[in-house]
Undergrad: 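Got a structure for you, written out below as structure tokens; questions coming shortly.
Computed from a predicted model, the values in this text were never measured in an experiment.
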Amino acid sequence: MNTILLVDDEPQVLQGQKDLLTLHGYAPILATESASEAQRVFDDTEVAMAIVDLTLREGSGLELLRWIRENSPKTVVLIVTGASDLSVAVECMRAGAYDFLVKGSDASRLPGAVRNALAHRDAALENTRLRNALTRSDPENPAPFREFVSVSPRIRQIFVYLEAIAPTPDPVLVTGETGVGKELVARAIHAASGCSGPFIPVNLGGLDDHTISDTLFGHSRGAFTGAQSGREGLVRKAAGGTLFLDEFAEISPETQVKLLRLLDRGEFMPLGSDVLHHSQARLVFATNRDLRRELETGPFRQDLFYRITSHWVEIPPLRERPEDIELLLNHQVKLHTARLGMNAPALAPEILTEIRSLPLPGNTRELEQLVIAALVNGEWRVTLPERTRETRAGNTPVPGSGGRSFNSSAGTVEDRATPTARSSNGDVSVAFGERLPTPQQAVEALLREADRRYPNNRAKAAAALGLSPQALSNRWKR
């Protein structure tokens, strides 16, 4: 709540200022006619802004300015006077006034001056709060980050930053490689924000403009063929909460314009409607692309880039925080053996050494799939597929398709053969482990391989499999 205090010894001036500011949506507004009355207001009220007349019958506006700066430094002060004397303006600014207005001639400037002054105050307070928060090594409230499995100092510092920015309404950009946990970060921001509304995630990768607009902004009845009823849209569903837009960097320039308006003015218009709606959702964006390069080589809008980067979180890849690998490995083994109803294998040091040597371009997600593939090959046996520099070129074998396996009972790492099956025309080869996968496991492995080869590009992954993007999405859901 930004309380504004008006100080002027002319009642009609006070009423005029109060009416003008009320018309522009400012409240609450208090009014006093002397410096002594104003000082008593500060005893009981936190005043965000004081608008002070320089010449008062009881006391001096300049002296009141100096008193406010000393006793309430968070209050921003605007001086109003009937004289357009430059030397007086300079003296007021030196004493700590934010701005100086001439009574009468500058009356129309008052709402704009108030808006700028309050924005300046909010920015200064936010900077102070962030500086104080970032001196800590751990967040004050660890609860929003309990889903993270990490001992990395870099990750702990990210927690501190997320806790500091979470209460602000500004958009947040989360970047990092595939599989580092960008959605987990978005959920932590939402949990730390204190927002009462829901957390709603949506993946925009591979969607066309119409689908994105309909998904985000909704449509009215009859907006297009088949629209027999209206659709609310996720922006409205996320009111009071957080809307997480994953893979947003793939959207077209036309959709970028709509997002820019949503960010700048908080306004959007459902398809087929001419009524503006106002968003009450916090927006969190995520991408694994290099947005700076996108600005140079792609169609990504510069104005949108600057609008979403006021809070920017870059999640380091797993290879840059090797201290987390053992912790994550044990966590994933425990999690998935419990899910599969298996006994957890005892992991020898060779396993950890081997995994630490892998490039893991898929980061935590790839490590999890490696563990799953290892466990389904048989109890007490952990498979480590061969990973070389070819991983970067997209030639990583399907998990469970050969390589080496660790026999926990013998405590050895063994090479094993890779039986291969070929299609009748010889165009496609598929490698199998010692045990044949079930059809469901084979389909899942195929989908994950397409996802790995074309990260965050569902349209290309679908084309590679000979499917439509919708058909691929349906298979993922099943």
Undergrad: Give a yes or no on whether the backbone of His210 and the side-chain of Asp214 come within a donor-acceptor separation of less than 3.5 Å.
TA: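 Looks like no, no N/O pair under 3.5 Å.
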Undergrad: Does the salt bridge (charged side-chain N to carboxylate O under 4.0 Å, His left out) test come out yes or no for Arg448 and Glu444, once each step is laid out?
TA: CA-CA 6 Å; Arg448 293 193 182 281; Glu444 181 176 350; 3.1 Å; yes
Undergrad: Could you check whether the rings of Phe268 and Phe217 sit parallel, tilted or perpendicular, using 30° and 60° as the cut-offs?
TA: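 Aromatic pair Phe268/Phe217 classed parallel.
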Undergrad: Closest heavy-atom contact between Arg292 and Phe305?
TA: CG-CZ, 4.2 Å
Undergrad: Once side chain to side chain donor-acceptor pair (under 3.5 Å) is applied, do any residues pair with Asp246, and if so which ones, sequence neighbours excluded?
TA: none
Undergrad: Show your reasoning for whether ring pair (Phe, Tyr, Trp, His ring centres under 6.0 Å) applies to Phe244 and Phe285.
TA: CA-CA 6 Å; Phe244 174 55; Phe285 299 84; 9.1 Å; no
Undergrad: For Lys334, does its backbone N or O pair with a side-chain atom of Thr337 as donor and acceptor, under 3.5 Å?
TA: yes
Undergrad: Rounded to the nearest 0.5 Å, what separates atom CG in Leu204 from atom OG1 in Thr215?
TA: 8.0 Å
Undergrad: Find out whether Tyr26 and Asn2 are in side-chain contact, i.e. whether some heavy atom of one side chain is under 4.5 Å from a heavy atom of the other.
TA: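 Not touching, per the 4.5 Å side-chain cut-off.
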Undergrad: Would you say Ser220 and Pro270 make side-chain contact, with heavy atoms under 4.5 Å?
TA: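 Heavy-atom side-chain distance check fails, nothing below 4.5 Å.
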Undergrad: For Glu320, which residues count as a side chain to side chain donor-acceptor pair (under 3.5 Å) partner, sequence neighbours excluded?
TA: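 Side chain to side chain donor-acceptor pair (under 3.5 Å) list for Glu320, sorted by chain: Arg154.
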Undergrad: Hey, does the side chain of Ser279 reach the backbone of Ala281 with a donor-acceptor pair shorter than 3.5 angstrom?
TA: yes
Undergrad: Could you tell me whether the side chain of Tyr98 reaches within less than 4.5 Å of the side chain of Asn116, counting heavy atoms only?
TA: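 Of all side-chain heavy-atom pairs linking Tyr98 with Asn116, at least one is under 4.5 Å.
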Undergrad: Between Thr211 and Asp208, does any side-chain donor sit less than 3.5 Å from a side-chain acceptor?
TA: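 Note: Thr211 and Asp208 side chains meet the donor-acceptor criterion.
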Undergrad: Test your reading of the model: is there a side-chain donor-acceptor pair from Gln256 to the backbone of Ile251, 3.5 Å cut-off?
TA: yes
Undergrad: Do you know the tightest heavy-atom contact between Pro198 and Ala239?
TA: CD-O, 3.9 Å
Undergrad: Does Leu276 form a side-chain contact (heavy atoms from CB on, under 4.5 Å) with Arg261? I'd like the steps, not just the answer.
TA: CA-CA 11 Å; Leu276 279 175; Arg261 184 175 185 87; 4.2 Å; yes
Undergrad: Evaluate the criterion side-chain contact (heavy atoms from CB on, under 4.5 Å) for residue pair Arg282 and Val172; output intermediate values, then yes/no.
TA: CA-CA 9 Å; Arg282 191 338 168 27; Val172 181; 3.5 Å; yes
Undergrad: Are Leu216 and Leu243 packed together at the side-chain level, in the sense that at least one heavy-atom pair is separated by less than 4.5 angstrom?
TA: yes
Undergrad: Check whether any side-chain heavy atom of Val284 lies under 4.5 Å from a side-chain heavy atom of Leu245, and answer yes or no.
TA: no
Undergrad: For Asn141 versus Glu163, what's the shortest heavy-atom pair and its separation?
TA: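 Looking at all heavy atoms of both residues, the shortest contact is N-OE2, 2.8 Å.
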Undergrad: For Arg356, I'd like to know if atom CZ has over 12 heavy atoms of other residues, nucleotides or ligands within 6.0 Å.
TA: yes
Undergrad: How long is the straight-line distance from CD1 of Ile29 back to CG of Leu5, given to the nearest 0.5 Å?
TA: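 Leu5 CG to Ile29 CD1: 10.5 Å, rounded to 0.5 Å.
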Undergrad: Compare all side-chain heavy atoms of Leu262 with those of Leu283 and state whether any distance is below 4.5 angstrom.
TA: yes
Undergrad: Yes or no on side-chain contact (heavy atoms from CB on, under 4.5 Å) for Thr175 and Val313, after CA distance, side-chain angles and deciding distance?
TA: CA-CA 6 Å; Thr175 56; Val313 182; over 6 Å; no
Undergrad: I want to check something: taking the side chain as every heavy atom from C-beta on, are Thr178 and Asn363 in contact at a cut-off of under 4.5 Å?
TA: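 No - every pair of side-chain heavy atoms lies 4.5 Å or more apart.
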Undergrad: Any idea how Phe300 and Phe248 line up, ring-wise: parallel (<30°), tilted (30 to 60°), or perpendicular (>60°)?
TA: perpendicular
Undergrad: Would you say Ser72's side chain and Lys74's backbone share a donor-acceptor pair under 3.5 angstrom?
TA: no
Undergrad: So, taking the atom named OG1 in Thr309 and the one named CG in Leu291, what distance separates them when rounded to the nearest 0.5 Å?
TA: 8.5 Å
Undergrad: If we ignore hydrogens and angles and just use 3.5 Å, is the side chain of Asp324 paired with the main-chain N or O of Ser150 as donor and acceptor?
TA: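 Side chain of Asp324 to backbone of Ser150: no pair is present.
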Undergrad: What pair of heavy atoms forms the shortest contact from Glu247 to Gly205, and how long is it?
TA: OE1-CA, 3.2 Å
Undergrad: If we count only N and O atoms by modelled type, under 3.5 Å, do the side chains of Glu177 and Asn288 hold a donor and an acceptor together?
TA: no
Undergrad: Drop me the distance from Thr287's OG1 to Lys182's NZ, to the nearest 0.5 angstrom.
TA: 7.5 Å
Undergrad: Does a side-chain heavy-atom distance below 4.5 Å link Ile372 with Leu340?
TA: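 SC-SC contact between Ile372 and Leu340 ruled out.
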Undergrad: Working to the nearest 0.5 angstrom, can you tell me the gap between Lys460 NZ and Leu465 CG?
TA: 14.5 Å
Undergrad: Which residues pass the side chain to side chain donor-acceptor pair (under 3.5 Å) test with Glu147, sequence neighbours left out?
TA: none
Undergrad: Give a yes-or-no answer on whether the side chains of Arg187 and His190 include a donor-acceptor pair shorter than 3.5 Å.
TA: no
Undergrad: Using salt bridge (charged side-chain N to carboxylate O under 4.0 Å, His left out), reason through Asp303 and Arg301 one step at a time and then give a plain yes or no.
TA: CA-CA 6 Å; Asp303 47 5; Arg301 293 177 62 95; 2.7 Å; yes
Undergrad: What residues, two or more places apart in sequence or in another chain, satisfy salt bridge (charged side-chain N to carboxylate O under 4.0 Å, His left out) together with Glu46?
TA: Arg121
Undergrad: Using the test side chain to side chain contact (heavy atoms under 4.5 Å, CB included), find all partners of Asp451 that sit at least two apart in sequence or belong to another chain.
TA: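 Applying side chain to side chain contact (heavy atoms under 4.5 Å, CB included) to Asp451 gives Arg365, Arg458, Trp476.
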Undergrad: Nearest 0.5 Å please: distance from the OG1 atom of Thr364 over to the CG atom of Leu329.
TA: 11.5 Å
Undergrad: Check whether the side chains of Asp170 and Ser310 place a donor and an acceptor atom closer than 3.5 Å, and report yes or no.
TA: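 Asp170 vs Ser310: no donor-acceptor pair found between side chains.
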Undergrad: Parallel, tilted or perpendicular, judged at 30° and 60°: which one describes the rings of Tyr161 and His311?
TA: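 Perpendicular: the ring planes of Tyr161 and His311 meet at over 60°.
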Undergrad: Check each of Glu267, Arg236, Met269 against His277 using the side chain to side chain contact (heavy atoms under 4.5 Å, CB included) test, and report the only one that passes.
TA: Arg236
Undergrad: What I want to find out is whether Lys258 reaches Glu254 closely enough, with some N-O distance under 4.0 Å, to be called a salt bridge.
TA: no
Undergrad: Taking everything shown except Arg293 itself, do over 12 heavy atoms lie less than 6.0 Å from its CZ?
TA: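 Not more than 12 within 6.0 Å, no.
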Undergrad: Do any pairs count as a ring pair (Phe, Tyr, Trp, His ring centres under 6.0 Å) and have a residue in residues 442-474, sequence neighbours left out, and if so which ones?
TA: none
Undergrad: Would the number of heavy atoms belonging to other residues, nucleotides or ligands and lying under 6.0 Å from CD of Glu294 be above 12?
TA: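 Yes, the 6.0 Å shell around CD holds more than 12 heavy atoms from other groups.
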Undergrad: Using atom types as modelled and distance alone, determine if a side-chain donor or acceptor of Arg69 lies under 3.5 Å from a backbone N or O of Thr75.
TA: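 It does hold such a pair.
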Undergrad: Which heavy atom of Ser152 sits nearest to which heavy atom of Arg321, and what is that distance?
TA: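 Closest pair (atom of Ser152, atom of Arg321, distance): OG-CB, 3.8 Å.
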Undergrad: Just do the side-chain contact (heavy atoms from CB on, under 4.5 Å) check on Leu318 and Val180 with the steps written out, would you?
TA: CA-CA 7 Å; Leu318 197 54; Val180 293; over 6 Å; no
Undergrad: What heavy-atom pair brings Leu21 and Pro111 nearest, and what distance separates the two atoms?
TA: CD2-CA, 4.2 Å
